[in-house]
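Reading through the structure tokens given below for one structure.
No experiment lies behind these values; they were computed from the predicted model shown.
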Amino acid sequence: MNFETVLPLAPWVVFFPVLGIILNLLFGKRLGEKGIGVIASLAAGLSFGVAALLALGLTGHPEGGTYHLLRWLAIGDFTADWNFRVDTLSVTMMLVVAGVGTLIHIYSIGYMHADVRHEGDPARFRRFFVFLNLFVAAMMILVSADNFLMLFVGWEGVGLCSYLLIGFWFEKGAGGIANAQAAKKAFVVNRIGDFGLLIAIFLIFYNFGSLDFETVFAQAPQVAAVLPGVILAITLFMLLGVTGKSAQLPLYVWLPDAMAGPTPVSALIHAATMVTAGVYLVARSQALYQQIALAQDVVMWVGAATALFAATIALGQYDIKKVLAYSTISQLGFMVTAVGMGAAVAGMFHLVTHAFFKALLFLGAGSVILGLEHGHEHAAAHGSHTEEGHHAAFDPQDMRNMGGLRGKMPLTFWVYLIGALALAGIAPLSGFFSKDEILADASLHHPAVYVVLTAAAFLTAFYVARQLAMVFFGKPRSEAAAGAVESPPVVTVPLVILAVLAAVGGLLNFPTTHWLEKWLEHSLYGVQPAKFILSVALISLAVALAGLLVGWLIYGRKPLADARQPDPLARPLNGLFLALENKWWVDELYQALVVRPYLRLAQFLAQPVDQGVIDGLVNGVGNLMRATAQSWRRIQNGYVRSYALTILLGVVLVITYLVLR
């Protein structure tokens, strides 16, 4: 397919989701839930179709190009155009965002039909799909941008959408405010990261005189030779933005709380959109990072530390979605490590395969939650509750309330098993190949990082086994689990498709073909050849199998008998498990060191400074005007003789002045 023919289609990757938003806002009420879901899913699907056509066009023109839509800003010599960059890197991201996003949209039709009724507000169904389409549109702007300013628009757009969707049930949660607080936390933490990216953009503009990717990246070696400190500052401030969006240390704390949103939101944020933005940014900016070895090392170690740290926390969580949330943070650490090492192809490979199996796991978790909610409501309708008590006390996301779901939800079990084994890195599933490339590169150039990532890989397999055993094996530990039923086809069909992708996704960069490497080498700066080292691959597989075996011996051989039984690791690990269960008390540390001092400072400034000094000055001026007005009111007494006397006196004074003059 001719590239010049399909290039003008590029803006439609954004226009189709926007069109879906408009149609649902105008006609959604009349169309009903099916119509709303079809329009939103079709909008995302058409965006994927455009991305596929662009990919076909690139096969004959791999260097890509840009499509000029309009002149956005023109200030003196500076111009910023709204140009769509179509190259192999941007189109890869488009395919992932729109492809996985479309499956999530379809799944959401069935999930949200039940969820809005479970939460007692069916009218919000349309709002959810409007926000979902907006999320896809914002992410498409980010990955199709041809300059840092347009990228920042998409960057902020996905931040806004995460706020809207995490807080979708804003009046729910503990105390009626927990979900709203989770959304606010995500918004505030990401603003800290966005500050870093903004400073990086300002520095780029000041030192390069442009924000266009091609201009900046072409000048990077010359600027680095003269001003290496500037490039270091740009890359490190950019990294601050990455730690916010891609949930790395120390700004990862918002992502576990993002589980407050409906499960399809979790899948969209964790698999296809927001959290991949930081990885994409570093991959796109390799021309800057590869100028400064220190910048690469900092990125690499932030990613490696995050991979291990988050994996430890996942061991002690009971919420099925929060285990996956900390898993996402850990896997993002692998990706950030890869792009930090300069192995951008390996990082992008893991980004793609992770989108497949993590979307599958989150949507599978949603299917499990739907099954438990159905079982709980069935038990409530028949008045047979014993263990769970009243409706508000039952948590359908707590793995201690599950068990035995392998027989109750067989299709969900099998697809979930595929996703879990792919996450664990079991051959020949996709996660094995993409994770192995990162480990192989680390083993050659950064042995210490290799050890850290290998430890994280072992823990990953361990918590995968723990979750599988607690959710699907043993006997049901609640009436809800005993009454669970399989989800409808609108939920399970996207799961099956994702399971196939999670199983065969490793073929994208299979060691004998390296197709993804050949595809991306036209867009990435300084591509390192993909590596497959048999010894590293065998060690990686052995580590994953060992993690699964140890996890199964602890949790699967003797499954929990009931929901109140303590975790098998609680007694042997004692205080260490308590630390894992409490997430190393990082949130409490933030509260003590940042949040509470900030609130105290704000309260102090509000009383003596804001209300005392500032309000005092403003109110003082107002009081002065009021007193002046009251004094002048005395001459406005309403008597005509007083006004006549005043006029006479005025005339006399004027005549006297003129005579004396």
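- The two residues Ala307 and Ser330 come nearest to each other via the heavy atoms O-OG, 2.6 Å.
- With rounding to the nearest 0.5 Å, the separation of CZ in Phe135 from CG in Leu160 is 9.5 Å.
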Step by step, work out the side chain to side chain contact (heavy atoms under 4.5 Å, CB included) result for Val253 and Lys185.
-> CA-CA 8 Å; Val253 291; Lys185 183 176 181 180; 4.0 Å; yes
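- One distance of note links CH2 of Trp82 with CG of Asp146; it measures 12.0 Å at 0.5 Å rounding.
- Proximity of a side-chain donor or acceptor of Tyr289 to a complementary backbone N or O of Thr235 within less than 3.5 Å is detected.
- Exactly one residue among His350, His354, His270, Lys358 makes a side chain to side chain donor-acceptor pair (under 3.5 Å) with Gln331. That residue is His350.
- What you find for Pro17 and Val136 is that their closest heavy atoms are CG-CG1, 4.0 Å.
- For Thr88 and Ser523, the side-chain atoms include at least one donor-acceptor pair closer than 3.5 Å.
- Ile313 is not listed as a side-chain neighbour of Leu580, based on a closest heavy-atom distance of 4.5 Å or more.
- No hydrogens or angles considered: a donor-acceptor pair under 3.5 Å links the side chains of Thr92 and Trp519.
- Separating the CG atom in Leu361 from the OG atom in Ser266 is a distance of 12.5 Å, to the nearest 0.5 Å.
- Without hydrogens or angle criteria, Gln296 side chain to Val339 main chain gives no donor-acceptor distance under 3.5 Å.
- We find that Arg85 and Asp87 are joined by a salt bridge, their nearest charged nitrogen and carboxylate oxygen being less than 4.0 Å apart.
- Note: Ile231 CD1 to Leu236 CG = 11.0 Å, rounded to the nearest 0.5 Å.
- For Ala51 against Val91, the heavy-atom pair with the smallest separation is O-CG1, 3.7 Å.
- Put simply, the side chain of Asp319 gets close to the backbone of Lys322: a donor and an acceptor are under 3.5 Å apart.
- Judged by distance alone, the side chain of Gln248 and the main-chain N or O of Gly244 form no donor-acceptor pair under 3.5 Å.
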Could you check Trp515 against Asn509 for side chain to side chain donor-acceptor pair (under 3.5 Å), going step by step and ending with a plain yes or no?
-> CA-CA 5 Å; Trp515 182 83; Asn509 211 40; over 6 Å; no
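- Between the side chain of Ser327 and the backbone N or O of Val323 there is no donor-acceptor pair closer than 3.5 Å.
- Annotation for Tyr326 and Lys583: closest pair OH-CD, 2.8 Å, computed over non-hydrogen atoms.
- A cation-pi arrangement is found for Lys435 relative to Phe334, the charged atom lying closer than 6.0 Å to the ring centre and inside a 45° cone about the ring normal.
- No donor-acceptor distance shorter than 3.5 angstrom exists from the side chain of Asp436 to the backbone of Phe432, with no hydrogens or angles considered.
- Of the possible polar contacts, none joining the Glu437 side chain to the Phe433 backbone as a donor-acceptor pair under 3.5 Å is found.
- The cationic atom of Arg284 (NZ for Lys, CZ for Arg) does not lie both less than 6.0 Å from the six-membered ring centre of Tyr280 and within 45° of the ring axis.
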Take Ile539 and Val536 through the side chain to side chain contact (heavy atoms under 4.5 Å, CB included) test and state the conclusion after the steps.
-> CA-CA 5 Å; Ile539 292 172; Val536 173; 5.7 Å; no
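- Between Thr276 and Met139 the shortest heavy-atom distance is OG1-CE, 3.4 Å.
- The residues Glu156 and Arg191 are annotated as salt-bridged, a charged nitrogen and a carboxylate oxygen being separated by less than 4.0 angstrom.
- Within the 4.5 Å cutoff, the side chain of Phe217 has heavy atoms near those of the Ser285 side chain.
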Go through Leu288 and Val216 one step at a time and tell me if the side chain to side chain contact (heavy atoms under 4.5 Å, CB included) criterion holds.
-> CA-CA 9 Å; Leu288 296 173; Val216 172; 4.2 Å; yes
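- Rounded to the nearest 0.5 Å, atoms CG (Leu599) and CD (Gln591) are 8.0 Å apart.
- With 3.5 Å as the limit, one finds no donor-acceptor pair spanning the side chains of Thr353 and Ser430.
- Applying the 6.0 Å contact sphere to CD of Glu214 captures no more than 12 heavy atoms from other residues, nucleotides or ligands.
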Steps toward ring pair (Phe, Tyr, Trp, His ring centres under 6.0 Å) verdict (Tyr67, Phe84) = CA-CA 5 Å; Tyr67 180 77; Phe84 286 83; 7.1 Å; no
Quick one: do Leu151 and Asn147 satisfy side chain to side chain contact (heavy atoms under 4.5 Å, CB included)? Show the steps, please.
-> CA-CA 6 Å; Leu151 180 146; Asn147 58 69; over 6 Å; no
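- Less than 6.0 angstrom separates the ring centroid of Phe213 from the ring centroid of Phe148.
- With a 4.5 Å cut-off on side-chain heavy atoms, Asp212 and Asp81 do not count as touching.
- Using the six-membered ring where Trp is involved, Phe237 and Phe195 have ring planes that are perpendicular, over 60° apart on the 30 and 60° scheme.
- Closest non-hydrogen pair, Leu211 versus Leu149, comes out as CD1-CB, 4.0 Å.
- Judged by distance alone, with hydrogens and angles left aside, the side-chain atoms of Ser246 form a donor-acceptor pair with the main-chain N or O of Val275 at under 3.5 Å.
- Atom CD1 of residue Ile201 and atom CG of residue Leu198 lie 5.5 Å apart, to the nearest 0.5 angstrom.
- Side-chain contact between Pro256 and Ile329 is present, with at least one heavy-atom pair separated by less than 4.5 Å.
- For the pair Gln528 and Glu517, the minimum side-chain heavy-atom distance is 4.5 Å or more.
- For Gln603, the CD atom is loosely surrounded, since the number of other residues' heavy atoms within 6.0 Å does not exceed 12.
- Inspection of the Tyr252 and Thr306 side chains reveals no N or O donor paired with an N or O acceptor under 3.5 Å.
- In this structure the side chain of Met259 reaches within 4.5 angstrom of the side chain of Phe362, judged on heavy atoms.
- Between Asp194 and Lys245, at least one side-chain nitrogen of the basic residue sits less than 4.0 Å from a carboxylate oxygen of the acidic one, meeting the salt-bridge criterion.
- At least one side-chain heavy atom of Ile192 sits less than 4.5 Å from a side-chain heavy atom of Leu251.
- The closest side-chain donor-acceptor pair between Thr337 and Trp301, if any, does not fall under 3.5 angstrom.
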Could you please spell out the steps behind the side chain to side chain donor-acceptor pair (under 3.5 Å) verdict for Trp72 and Thr79?
-> CA-CA 8 Å; Trp72 185 17; Thr79 59; over 6 Å; no
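- When side chains are defined from C-beta on, Leu516 does not count as touching Phe510, because their heavy atoms never get closer than 4.5 Å.
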Ring pair (Phe, Tyr, Trp, His ring centres under 6.0 Å) evaluation trace for Phe205 with Phe78 | CA-CA 9 Å; Phe205 173 69; Phe78 172 74; 5.0 Å; yes
